[in-house]
Amino acid sequence: LFRVFKKTSGNGHIALYLGKRDFVDHVDSVEVVDGVVKVDPSGLNGRKVFVYLACAFRYGSEDLDVIGLSFRRDIWIQYVQVYPPVDGNATKSPMQESLLKKVGEQGCPFSFKMPTNLPCSVSLQPGPNDAGKACGVDFEVKAYLANTASNPDEVIEKKDTCRLMIRKIQYAPANNKSGPKADISKQFMMTDKPVNLEASLEKEIYYHGDPITVTVKVKNETSKVVKKIRVSVEQLTNVALYSSDTYTKTVCSEEFGETINANSTFEKSFQITPLLSNNKEKRGLSVDGRLKDEDTHLASTTLSQGDKEMQGIIVSYKVKVTLMVSGGGYV
């Protein structure tokens with residue numbers, strides 16, 4: 001048993017069926033998007049039935065598109081003709097076989113294989129007063145009646161289309177690799193020796209809601225006193241479309257009143273937990289794509305293979321440790 005997602009066109013001549021709406025990107029391959037379109041041939045008037053899968057970057061609400069400007073840019077799009085069928089003996093997946101039993105003789109199967117360099121479903125969090133659809137990367141399966149698959153001069157009326165949004169998601173790979181480590185030494189005016197700071201994470205991968213443990217080691221060889229330690233997590237969003245712009249937003253920051261005296265050493269672990277619930281007011285924050293108004297998380301880190309070029313929205317995170325030093329300096 002599985003849930004069926006269905007959308008019928010306004011004229012009732014075609015209906016789109018999917019067995020699921022989340023498709024997993026395994027980094028080296030992506031789950032095939034497959035489904036069925038139920039077609040009533042009596043209402044086609046010589047037209048054909050096509051389905052496309054599109055990965056698009058949306059700049060805002062489609063109803064703002066009134067002055068000839070596109071508020072959407074297709075990153076990747078693929079078309080297939082489902083009626084009249086062009087490859088009658090194509091192998092059907094178990095999901096399609098189940099859908100065809102439900103739909104009956106008028107069912108036409110289709111499938112899409114996505115490339116591995118597409119971004120995942122990501123939304124940019126709107127501000128408290130923003131209206132309409134959020135900006136971000138989304139995926140859409142659309143069935144429609146037309147004479148050709150993609151003639152820009154052919155007008156396709158809304159009543160001749162039906163569409164379902166889907167999500168491309170990634171799960172973090174299971175590994176027990178130790179986390180990254182970084183160190184820095186900084187000298188201050190009037191001191192001939194530095195403050196040495198080393199920060200490390202216990203593991204490489206954290207899941208949504210996991211506390212992040214940051215181990216801080218300090219060797220203070222100066223005559224100054226470290227008065228406070230700040231630990232923060234930053235989200236880096238790279239919007240790679242016409243050009244590549246990176247936006248950095250702090251998603252979690254805590255200060256700890258630890259004192260490290262002159263000519264002394266210090267070692268301690270601190271825990272912080274980045275949560276979307278603490279960042280609801282931050283406009284432009286990247287969050288995992290959602291279907292309708294369900295809850296979501298801070299966007300997951302984008303996993304990619306090697307140096308393949310990706311477009312859309314690419315997300316990563318950075319943990320920062322800052323030492324506040326007497327006299328106004330910091331490391």
Side-chain angles (χ1 to χ4, degrees), residues 2-7 16-37 51-62 71-80 93 95-96 98-99 110-126 132-143 161-173 205 207-209 235 237-241 276-277 284-305 308 310-317:
F2 62 92
R3 187 177 170 194
V4 174
F5 299 93
K6 175 188 175 185
K7 212 51 163 304
L16 176 62
Y17 290 80
L18 293 175
K20 60 180 182 177
R21 294 177 79 176
D22 283 349
F23 296 86
V24 179
D25 178 346
H26 299 288
V27 183
D28 58 350
S29 66
V30 187
E31 282 186 322
V32 170
V33 178
D34 57 5
V36 166
V37 180
V51 181
Y52 77 48
L53 171 60
C55 167
F57 184 92
R58 294 185 191 274
Y59 297 83
S61 183
E62 283 179 348
F71 282 82
R72 158 196 170 116
R73 179 180 173 200
D74 289 325
I75 297 170
W76 179 85
I77 189 164
Q78 193 175 71
Y79 303 86
V80 293
S93 70
M95 178 81 76
Q96 287 173 321
S98 299
L99 289 171
F110 65 86
S111 62
F112 296 98
K113 195 170 169 42
M114 284 190 257
T116 55
N117 65 337
L118 295 181
C120 287
S121 300
V122 178
S123 294
L124 298 180
Q125 182 167 266
K133 191 176 171 70
C135 295
V137 170
D138 59 31
F139 290 79
E140 170 187 275
V141 180
K142 178 167 148 182
T161 69
C162 46
R163 63 179 190 169
L164 285 166
M165 306 307 290
I166 64 169
R167 284 189 303 196
K168 183 164 90 70
I169 56 176
Q170 283 180 326
Y171 294 120
I205 291 172
Y207 296 99
H208 299 299
Q235 181 192 75
T237 298
N238 178 231
V239 180
L241 281 167
L276 178 58
S277 55
L285 200 66
S286 289
V287 300
D288 275 341
R290 67 187 100 187
L291 297 169
K292 298 196 172 168
D293 295 321
E294 63 192 20
D295 285 340
T296 188
H297 304 279
L298 291 167
S300 304
T301 299
T302 308
L303 305 174
S304 65
Q305 254 193 323
K308 66 181 182 182
M310 295 185 79
Q311 279 197 305
I313 296 178
I314 299 142
V315 178
S316 60
Y317 290 86

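Side-chain atoms are counted along with the backbone in the values below, which use heavy atoms only and exclude waters and symmetry mates. Position 1 is the first residue of the sequence; numbering continues from there.
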Student: Can you name the nearest heavy-atom pair linking L124 to G284, along with the distance?
Tutor: CD2-O, 3.8 Å
Student: Which pair of heavy atoms, one from K168 and one from L118, lies closest together, and at what distance?
Tutor: NZ-O, 2.9 Å
Student: Do the non-hydrogen side-chain atoms of S121 and M165 ever get within less than 4.5 Å of each other?
Tutor: no
Student: Quick check against the 3.5 Å criterion: does D74 have a side-chain atom that pairs as donor or acceptor with the backbone of W76?
Tutor: no
Student: Go through it in stages, so that I can follow the logic: the residues are D288 and T296, the test is side-chain hydrogen bond (donor to acceptor under 3.5 Å, both in side chains), and I'd like the CA-CA distance, side-chain angles, deciding distance and then a yes or no.
Tutor: CA-CA 6 Å; D288 275 341; T296 188; 4.9 Å; no
Student: Heavy-atom distance under 4.5 Å between the side chains of P119 and I75, does that happen here?
Tutor: yes
Student: Once you measure the plane-to-plane angle for H297 and H208, does it fall in the parallel (<30°), tilted (30-60°) or perpendicular (>60°) bin?
Tutor: parallel
Student: Hey, does the side chain of Q170 reach the backbone of L303 with a donor-acceptor pair shorter than 3.5 angstrom?
Tutor: yes
Student: Apply the side-chain hydrogen bond (donor to acceptor under 3.5 Å, both in side chains) test between E31 and each candidate in K20, K113, H26; give the one that qualifies.
Tutor: K20
Student: Heavy atoms only: give me the nearest R21-F5 pair and the separation to one decimal.
Tutor: CD-CD2, 3.3 Å
Student: Should L285 and L276 be marked as a side chain to side chain contact (heavy atoms under 4.5 Å, CB included) after you check the CA-CA gap, both sets of side-chain angles, and the distance that decides it?
Tutor: CA-CA 9 Å; L285 200 66; L276 178 58; 4.2 Å; yes
Student: Can you give me the closest heavy-atom contact between Q235 and A299, atom names plus distance?
Tutor: NE2-N, 4.0 Å
Student: Is a side-chain donor or acceptor of R167 paired with a backbone partner of G289 at a separation under 3.5 angstrom?
Tutor: yes
Student: Check whether Q78 reaches the backbone of L53 with its side chain - one donor and one acceptor, N or O, closer than 3.5 Å.
Tutor: no
Student: On a heavy-atom basis, which atom in I313 and which in T302 lie closest, and how many Å separate them?
Tutor: O-OG1, 4.0 Å
Student: Heavy atoms only: give me the nearest V141-L16 pair and the separation to one decimal.
Tutor: O-CD2, 3.5 Å
Student: V24 versus I169: any side-chain heavy-atom pair under 4.5 Å?
Tutor: yes
